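Each remark here refers to the structure printed beneath this line.
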Amino acid sequence: MKAVRLFGVNDVRVVDVDRPVPKPGEVLVKVAAAGVCHSDLHLIEHGRRAQKQPFTLGHENAGWVEQLGDGVDGFEIGEPVMVFGPWGCGHCAPCQASFENYCEHQSESPVLGGGLGTDGGMAEYMIVPHPRLLVKLGDLAPGEVAPLSDAALTPYHAIKRSAAKLTPSSFVFVIGIGGLGHMAVQILKKLYAATVIAGDIADDKLDVARHHGADHVVRTDRPDAAEQIRALTGSKKCAVVLDFVGAAPTLALGAATVGLNGDFTVVGLAGGHIDYAAGVVPWGASLCVPYWGSRVELMEVLDMKRKGIIDIDYTTYPLERANDVYQMLREGRINGRAVLVPSH
Ligand code: NAD
Ligand code: ZN
Ligand code: ZN
């Protein structure tokens with residue numbers, strides 16, 4: 001079967017590999033679609049030393065159960081499923097509470113999930129090591145929802161942590177309206193009453209934010225971006241800032257725009273840094289660095305999709321075009337999410 005594999009820094013190839021066979025306790029999933037996340041670019045460009053390469057990329061996966069390893073039951077062959085992406089030990093307290101994204105053993109394992117240190121879903125089939133890592137899709141078509149497993153789950157988890165601060169009187173600033181950011185705007189507008197300010201360096205991304213209901217948009221590369229936001233919020237500034245970029249300029253802008261007792265939530269992994277000193281962020285402010293989300297939150301995300309609360313803007317590409325798609329993502333030429341589809 002065809003698979004998109006990471007061989008080393010900046011070395012992604014579409015190659016033929018053997019179709020895997022599930023061992024006892026595992027499930028073989030026939031992949032319908034795999035979302036293309038910007039985290040893959042960080043991985044491709046910088047690598048993670050501990051990870052054994054090559055492995056198949058793709059950590060936003062959905063498909064159909066193809067084969068059950070010995071001892072696995074509870075699924076029909078052909079049943080549509082979403083792969084829950086962060087794979088923990090399954091036994092510690094956070095894992096038992098379905099927060100495998102905060103598994104106590106995460107730092108001991110070079111494998112964070114399928115596509116993140118071991119074979120993921122940019123292939124015709126993928127192995128899921130345990131049935132608990134599958135969420136039943138029921139009436140949802142796997143080819144239409146795969147990216148929700150990260151591009152929606154991650155902002156949903158990040159936003160939910162700040163729910164109490166998203167009041168009708170408050171402002172929330174979303175930086176980076178790409179795959180995650182365009183979902184964040186929808187979640188904020190549909191579930192909360194805070195005024196949403198969206199920021200990006202590209203006008204077409206700001207159009208996407210407007211389309212999804214952002215109340216205000218700001219070009220964050222303008223030197224007066226912080227003043228523009230201040231003009232909207234007044235002196236109370238933003239109760240919540242969600243940075244889906246994480247580069248030095250967005251971290252500085254976030255610190256400048258978060259209000260007293262606010263949440264400065266950095267999701268993006270662009271490698272920026274911020275020097276802490278008293279006064280860099282206001283009194284009472286918290287810096288949060290959430291990672292992905294829980295399995296139960298993923299079920300809530302799927303219910304939001306079922307109820308028409310959220311939708312994902314996506315464009316499909318054949319698996320073979322993975323390298324072109326990564327290049328388009330690098331150049332900011334993808335709106336919403338790109339999704340790779342294998343030909344079966
Ligand atoms: P994306 O490429 O789809 O979107 C990025 C957006 O940011 C684009 O709209 C781009 O125009 C904009 N942007 C780039 N530089 C900017 C700047 N300096 N100021 C303002 N806007 C800027 O990326 P994505 O897939 O949505 O991922 C976003 C980030 O989140 C990535 O760094 C990714 O690695 C990270 N991520 C983190 C988690 C987590 O759990 N913490 C999960 C998934 C993704
Ligand atoms: Zn991701
Ligand atoms: Zn665990």
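Everything numeric in this text was worked out from a predicted model, so none of it was measured. Just the heavy atoms: all of them, side chains too, but no hydrogens, waters or symmetry mates, feed the values below. Note that ligands are numbered from 1 as they come in the structure, with each ligand's atoms numbered from 1 the same way.
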I'd like to know if Ala247 contacts ligand 1, where contact means a heavy-atom distance under 4.0 Å to any ligand atom. no
Strictly under 4.0 Å, does any heavy atom of Arg337 approach an atom of ligand 1? yes
Suppose we measure from [atom] to each protein heavy atom; which comes out shortest, and what is that distance?
atom                    : answer
atom 37 (C) of ligand 1 : Val267 O, 3.1 Å
atom 29 (C) of ligand 1 : Phe244 O, 3.2 Å
atom 34 (O) of ligand 1 : Ser39 OG, 2.7 Å

What do we get for Leu180 next to ligand 1 when only non-hydrogen atoms under 4.0 Å count, side chain, backbone, both or neither? both
Structural part of Thr220 in contact with ligand 1, heavy atom criterion under 4.0 angstrom: side chain
Angle subtended at the Zn ion (ligand 3) by SG of Cys95 and SG of Cys103, to 10 degrees? 100°
Under the 3.5 angstrom rule, does the side chain of Gln186 hit a backbone N or O of His182 as a donor-acceptor pair? yes
Would you confirm whether Ser286, through its side chain, and Cys288, through its main-chain N or O, come within 3.5 Å as a donor-acceptor pair? no
Counting heavy atoms only, which of Gly336, Gly178, Pro155 comes nearest to atom 6 (C) of ligand 1? Gly178
Side chains of Asp324 and Tyr317, donor plus acceptor under 3.5 Å: no
Say whether His38, considering both its backbone and side-chain N or O atoms, lies within less than 3.5 Å of an N or O atom on ligand 1. yes
The Zn ion (ligand 2) to nearest N/O/S of His38 below 2.8 Å: no
Residues Lys205, Asp203: salt bridge by 4.0 Å N-O rule: no
Check all N, O or S atoms of Asp150 and name the one closest to the Zn ion (ligand 2). OD2
